[in-house]
Amino acid sequence: MIKIIHGDITTLAVDAIVNAANQVMLGGGGVDGAIHRAAGRELYEACLKVPEVRPGVRCPTGEARITPGFKLPAKFVIHTVGPVYRDGNHGEPEKLAACYRNSLALAAENGCKSIAFPCISTGIYGYPIEDAAKIAVREVKEFLAAKNAKDAERDVACPHAPNGRAGAPRTPQIDVIFCCFSERDADVYRRILDLV
Ligand code: AR6
């Protein structure tokens with residue numbers, strides 16, 4: 001299920017909220033700052049422990065890392081780094097799409113049944129909201145469709161297994177929330193949800 005809400009992502013009692021972080025992963029402005037403030041010092045400490053892949057980079061652009069949520073109502077924070085927008089012709093769409101795909105994959109690996117995304121890259125990083133929302137909605141729809149198809153295939157392959165399922169357990173359905181910080185952004189998502 002996909003839901004669009006207007007609100008503050010730090011208040012959501014979901015399994016995972018996604019943070020629009022930077023590569024150092026030690027906090028910043030925007031939603032990143034809000035998440036670190038609400039989660040408390042332990043989040044900073046947990047981020048410090050994420051190994052650097054090269055000096056000053058814990059999470060390269062387009063990738064994702066997971067930590068506990070600490071004082072947040074959310075169980076996990078999935079930190080991802082969106083692209084800084086230049087003109088859309090410098091790999092930004094692919095990098096932004098990778099943020100959604102990698103965050104969803106990490107949520108699924110960790111058994112999450114619900115995940116909330118902010119509008120990654122559309123604040124300080126300057127990605128136009130319409131373009132970013134199209135990518136966000138497309139990637140989430142594709143991910144959920146692929147997951148459903150895989151689960152259905154598994155059921156057909158092994159109809160007599162307990163619960164009609166094959167040995168490998170079905171991974172849980174995932175509810176995806178797009179948490180917009182303004183009503184205007186939420187409107188853009190609502191419109192795009194029906195188009196993409
Ligand atoms: N809940 C939901 N959305 C929020 C919240 C909130 N509490 N606060 C802001 N937003 P931005 P970026 C929205 O700038 O563009 C940081 O310094 C905001 O209105 O947070 O990916 C990082 O450390 C916008 O729609 O992230 C990076 O350096 C969206 O979140 C850099 O900013 C994303 O805006 C990342 O920039």
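Remember, it's 1-based here, ligands and their atoms both numbered in the order they're listed.
- The distance criterion of under 3.5 Å between nitrogen or oxygen atoms is met by Gly29 with respect to ligand 1.
- Atoms of ligand 1 lying under 4.0 Å from at least one heavy atom of Gly28, given by number and element, are 17 (O), 23 (O).
- At least one heavy atom of Gly7 sits under 4.0 Å from some atom of ligand 1.
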Identify each donor-acceptor pair in which a side-chain atom of residues 113-131 lies under 3.5 Å from a protein atom, sequence neighbours left out, and give them as a table.
| residue | atom | partner | partner atom | Å |
| --- | --- | --- | --- | --- |
| Ser114 | OG | Asp15 | N | 2.9 |
| Ser121 | OG | Pro83 | O | 2.8 |
| Thr122 | OG1 | Cys119 | O | 2.7 |
| Glu130 | OE2 | Arg191 | NH2 | 2.8 |

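- Checked for salt-bridge contact, Asp187 and Arg190 meet the test: a charged N lies under 4.0 Å from a carboxylate O.
- The shortest N/O to N/O separation between Thr10 and ligand 1 does not fall below 3.5 Å.
- In this structure, atom 3 (N) of ligand 1 lies nearest to the protein heavy atom Phe181 CB, 3.5 Å.
- For atom 36 (O) of ligand 1, the closest heavy atom belonging to the protein is Tyr125 CG, 3.4 Å.
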Name each donor-acceptor pair under 3.5 Å that joins a side chain in residues 45-56 to protein atoms two or more places apart or in another chain, with its distance.
| residue | atom | partner | partner atom | Å |
| --- | --- | --- | --- | --- |
| Glu45 | OE2 | Arg41 | NE | 3.0 |
| Glu52 | OE2 | Gly56 | N | 3.1 |

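- Each of the following atoms of ligand 1 lies closer than 4.0 Å to a heavy atom of Asp32: 22 (C), 23 (O).
- Of all protein heavy atoms, the one closest to atom 21 (O) of ligand 1 is Ser121 N, 2.8 Å.
- In this structure, the side chain of Asp8 engages the main chain of Thr10 through a donor-acceptor pair within 3.5 Å.
- Considering each of Gly123, Gly30, Ser182, Gly126, the one bringing a non-hydrogen atom nearest atom 15 (O) of ligand 1 is Gly123.
- By the neighbour-count criterion of 12 heavy atoms within 6.0 Å, atom NZ of Lys141 is densely surrounded, having more than that number from other residues, nucleotides or ligands.
- Among Ile124, Val31, Ile129, the residue whose heavy atom sits closest to atom 9 (C) of ligand 1 is Val31.
- Given atom 26 (O) of ligand 1, the protein heavy atom at minimum distance is Ala20 CB, 3.7 Å.
- Ranked by closest heavy atom to atom 1 (N) of ligand 1, the top entry among Thr80, Thr122, Ile9, Asn22 is Ile9.
- Of the heavy atoms in Asp185, only side-chain atoms (C-beta onward) come closer than 4.0 Å to ligand 1.
- Each of the following atoms of ligand 1 lies closer than 4.0 Å to a heavy atom of Cys119: 25 (O), 29 (C), 33 (C).
- Of all protein heavy atoms, the one closest to atom 7 (N) of ligand 1 is Asp8 OD1, 2.9 Å.
- With hydrophobic clusters built from ILVMFWY side chains whose heavy atoms lie under 4.5 angstrom apart, Val84 does not share a cluster with Val18.
- Hydrophobic clustering keeps Tyr100 apart from Ile177 (ILVMFWY residues linked when any side-chain heavy atoms are closer than 4.5 Å, directly or through intermediates).
- The closest approach between Gly82 and ligand 1 stays at or above 4.0 Å for every heavy atom of the residue.
- Side chains of Gln23 and Thr61: a donor-acceptor N/O pair is present below 3.5 angstrom, by distance only.
- You'll find the side chain of His79 reaches within 4.5 Å of the side chain of Leu43, heavy atoms only.
- Proximity of Arg65 to Met25: side-chain heavy atoms (C-beta onward) are separated by under 4.5 Å at one or more points.
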